[in-house]
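I have placed the structure first, in the form of C-alpha cells, so that the comments after it can refer back to it.
The residues of the chain are indexed from 1 along the displayed sequence.
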Amino acid sequence: MRDLVLGVDAGHSVTKAVLFDATGRPVARGIGTAPLNTPRPCWVERDMDDVWRTAHRAIAACLAGAGPEAGRAVAAVGLAGHGDGLYAVDERGRPVRAAIVAMDTRAEPVLAEWRGTPVWSRALELSGTVPFAGSPAALLSWLARHEPEVLQQARWLLSCKDWLRLKLTGAVATDPTDASASFTDMRRGGYSPELLDLYGLGALSGMLPQVLACDAVSGTVTREAAALTGLTAGTPVVTGAHDVDAAALGLGLGGTTPGELCLIAGSFSINQVISERPVVDPRWQVRHFVRPGQWMIMSTSPASVVNLDWLLQIMGTPAERGGIHEVIGREVEACLDGPSEVLFHPFVYGSPYPRPTSGTFLGLRGWHGRGHLFRALMEGVVLNHRWHVDALCSKLPVTGAAARLTGGAARSEVWSQMFADALRRPVVVTDVEESAARGAALLAATAVGLLDDVTDRRAAARVLRRHEPQAGRAAVLDVAYQVYQEALEALGPVWSRLAAPGATE
C-alpha cells in the first residue's frame, strides 16, 4: 500500500530527504552535504552535479533506513529548495555553468547602477521586491555582461528544487513561490514582460519554466532516477515550493495563519508573515504564497546560523561530548550573566543593508573565552532577526501570538530563549525538526489525496517548547541592540574601505 510521502529539502549546503506518513510524522531520513565554493571574492557557487548526487544519495539513504520495501510504499515525492540564485541548463538538461546561490554578491555593481533609478522603484511596484545581489534578475544581468556565452548555451533558467525535479523526472517546471523571485506580477501572477524588459532581459522570457500549482503533479520518477534513489519508477513528483513557504506549511496551522510571525534561523535570517493583501516596502519581499489569494511577506538576509557554521570552521568543533548545540549552549550559559561585553555583526556572507558590511567582533578582551564569542555570535544573529521583525511590525498587522521558530537555532534552548528575550514576545518551537521537508511532503500528500489540503488538522504539529521573554535578559538585549545599531552606523565608512579591492565590477 502506498501510504508514505517523501519530502526533499535542498538547502544551500545540506539536502535532507525525509520519509513521512500521511499525517506528517517522520519515518526515516537521509542527509547529504554539497560544499559551497568561493572561486573568487564575492562568488558563492555549487557544482550542480554534486547537488543532484547529494540529493539522490540522501533519498537512497532515507529509503534504506525505512526498510527494503520503502520505495514501493512512497505515494508521491514533494520538493523544496533554497530560493533565488540560478541553476542554468542547456537543451539536454545539462548544466552550462556552476550554480550560483543566493549568498553570492558579484552582482552588487549592477544593483548600484539600478538604485535610485526607475528600475528600482518600478521593480518594487510590479514585483513586490527590489532585487538583491543573489536574485535571478541581478545574476542574469551580470551574466549578460560578463558571461554572455552562458546565456547563449542555456535553454532553461531554474531554481534549486526545479533542477532536482528535472533530474528526477526529466520535466521542466516551477511553482508560484519560486517563480516570483524576480519576474512575476505581484498582483496578477504570471511572468511580467514589463519586468523582464525593465531589467533588459526580455530576450530570456522563453527560458523561464512553466508555472504549476505547488500541489500539482509535475512529473514521475524516471527509471534512471529510480535506480539511483530506490524510488519506484512512475512515482508522482509534486511541483513543491520555495523552502521558506514549505517551512511555513511544515510548522502547522500557526505557520500559515495570516498575521502570525514565523522565523527561520538557518543559512538565511528569514522573518515572515502570511498576508491576505500585498504590502510593499523595500525592506522586505512580497511573493505569492502556496495558496492563491495569499502572499508571503518576508524580510531576509544571509546572516543567521550560517555564521556559526563559519566560526566552527575557523575554531574547530568543540570536543566535549553531546550535541553541538548542547555543548555550545552550556558554554554560553556560563557567560550569560551581566551585559553584553562582546558585540558581533553577523554579516560574514551578507546583510540586509545596501551599503558594504562585514562580520565584525567588537569589545574583545584578553579575559574573554570561547563562550563569550559564542554568546556574541548568537546575540548578533538574534539582533539581526530583530531588525527584520521590527520592520515587518512597523507596517503589517502582525498579531501578538507567539512567534514560531525553526531552523538550526531552534535546536538550541539557549538560542531560542534569546529570540524571545530580544523580540519581547513568546517563541514556540514545535516537534517538527525538518519543517521544509515536511511542508513539501504535505503538498505531496495533498496532491495524491492522502490529505484534504496542507492545513488538514490530521497533520497538525505539536508544540515542543515555549519560551517566554525574561525581563532581565530582555533589558540586556535592548541595550545590546542600541550598541549594535550605533556600531553599524559608525563602521559604515570603515567597511566601505575594507571592501575587497578585487571585487567583480
Side-chain angles (χ1 to χ4, degrees), residues 11 13-14 31 33 263-269 301-349 351 358-387 403 405-424 426-429 433 464-484 487:
S13 57
V14 178
I31 298 177
T33 60
L263 313 172
I264 305 175
S267 295
F268 266 61
S269 167
S301 59
S304 193
V305 180
V306 70
N307 287 273
L308 178 60
D309 298 337
W310 163 80
L311 187 61
L312 291 175
Q313 288 176 358
I314 301 298
M315 295 174 54
T317 304
E320 292 84 345
R321 295 180 60 184
I324 185 64
H325 289 292
E326 294 178 8
V327 172
I328 293 174
R330 289 195 297 267
E331 293 194 27
V332 171
E333 281 186 310
C335 303
L336 269 182
D337 290 340
S340 301
E341 297 178 354
V342 182
L343 178 72
F344 178 67
H345 289 109
F347 306 144
V348 172
Y349 290 104
S351 80
S358 64
T360 306
F361 280 105
L362 295 172
L364 286 172
R365 299 289 189 272
W367 56 85
H368 291 138
R370 190 171 65 179
H372 294 94
L373 290 179
F374 283 137
R375 173 184 168 178
L377 185 144
M378 285 183 171
E379 289 182 349
V381 165
V382 169
L383 296 178
N384 181 61
H385 276 270
R386 174 172 168 171
W387 182 91
L405 175 67
T406 187
R411 297 188 176 96
S412 166
E413 293 192 30
V414 173
W415 216 342
S416 300
Q417 182 62 47
M418 283 184 183
F419 275 87
D421 296 334
L423 300 180
R424 288 187 174 267
V427 167
V428 297
V429 176
E433 292 189 6
L464 188 63
R465 300 193 312 271
R466 181 182 176 95
H467 299 268
E468 298 288 342
Q470 300 172 355
R473 287 290 303 146
V476 167
L477 289 174
D478 281 344
V479 173
Y481 189 51
Q482 293 174 7
V483 179
Y484 174 95

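- With sequence neighbours excluded, no residue satisfies ring pair (Phe, Tyr, Trp, His ring centres under 6.0 Å) with Y349.
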Which pairs would a plain distance check flag for residues 371-382, meaning a side-chain donor or acceptor within less than 3.5 Å of a matching protein atom at least two apart in sequence or in another chain?
unit_1 : atom_1 : unit_2 : atom_2 : d
H372   : ND1    : G369   : N      : 3.0
R375   : NE     : E379   : OE2    : 2.8
R375   : NH1    : C335   : O      : 2.7
R375   : NH2    : G338   : O      : 3.3
R375   : NH2    : P339   : O      : 3.4
R375   : NH2    : S340   : OG     : 3.2
R375   : NH2    : E379   : OE2    : 3.3
E379   : OE1    : S340   : OG     : 2.7
E379   : OE2    : S340   : OG     : 3.4
E379   : OE2    : R473   : NH2    : 3.0

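- By the side-chain hydrogen bond (donor to acceptor under 3.5 Å, both in side chains) test, Q470 is found to be paired with no residue, residues two or more places apart in sequence or in another chain being considered.
- Across L383 and A422, no two heavy atoms sit closer than the pair CD2-CB, 4.5 Å.
- Across every non-hydrogen atom of W387 and Y481, the tightest pair is CA-OH, 3.3 Å.
- Contacts of H345 classified as ring pair (Phe, Tyr, Trp, His ring centres under 6.0 Å), with partners at least two apart in sequence or in another chain: F347, Y484, W495.
- Under 4.0 Å is where a charged nitrogen must lie from a carboxylate oxygen, and between R365 and E341 no such pair does.
- For T406, the side-chain hydrogen bond (donor to acceptor under 3.5 Å, both in side chains) partners at least two apart in sequence or on another chain are S435.
- The salt bridge (Lys or Arg N to Asp or Glu O under 4.0 Å) check on D478 picks up R386, R424, with sequence neighbours excluded.
- For the pair L263/L423, a side-chain contact is recorded, criterion being any heavy-atom separation below 4.5 Å from C-beta on.
- Heavy-atom minimum distance, P469 versus P426: CD-N, 3.9 Å.
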### Query
What do the steps show when you test V342 against F361 for side chain to side chain contact (heavy atoms under 4.5 Å, CB included), and what is the final call?
CA-CA 7 Å; V342 182; F361 280 105; 4.0 Å; yes
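- A distance of 10.5 Å separates CZ of R411 from CG of L405, quoted to the nearest 0.5 Å.
- Not a single donor-acceptor pair under 3.5 Å links the side chain of S416 to the backbone N or O of V414.
- Partners of H467 by side-chain hydrogen bond (donor to acceptor under 3.5 Å, both in side chains), not counting sequence neighbours, listed by chain and number: Q417, R465.
- By the side chain to side chain contact (heavy atoms under 4.5 Å, CB included) test, V428 pairs with A402, R404, V463, R466, sequence neighbours left out.
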Could you list the donor-acceptor pairs under 3.5 angstrom formed by side chains in residues 301-312, with sequence neighbours left out?
unit_1 : atom_1 : unit_2 : atom_2 : d
S301   : OG     : N384   : ND2    : 2.9
S301   : OG     : H388   : NE2    : 2.9
S304   : OG     : H385   : NE2    : 3.0
N307   : ND2    : S304   : O      : 2.9
N307   : ND2    : P346   : O      : 3.1

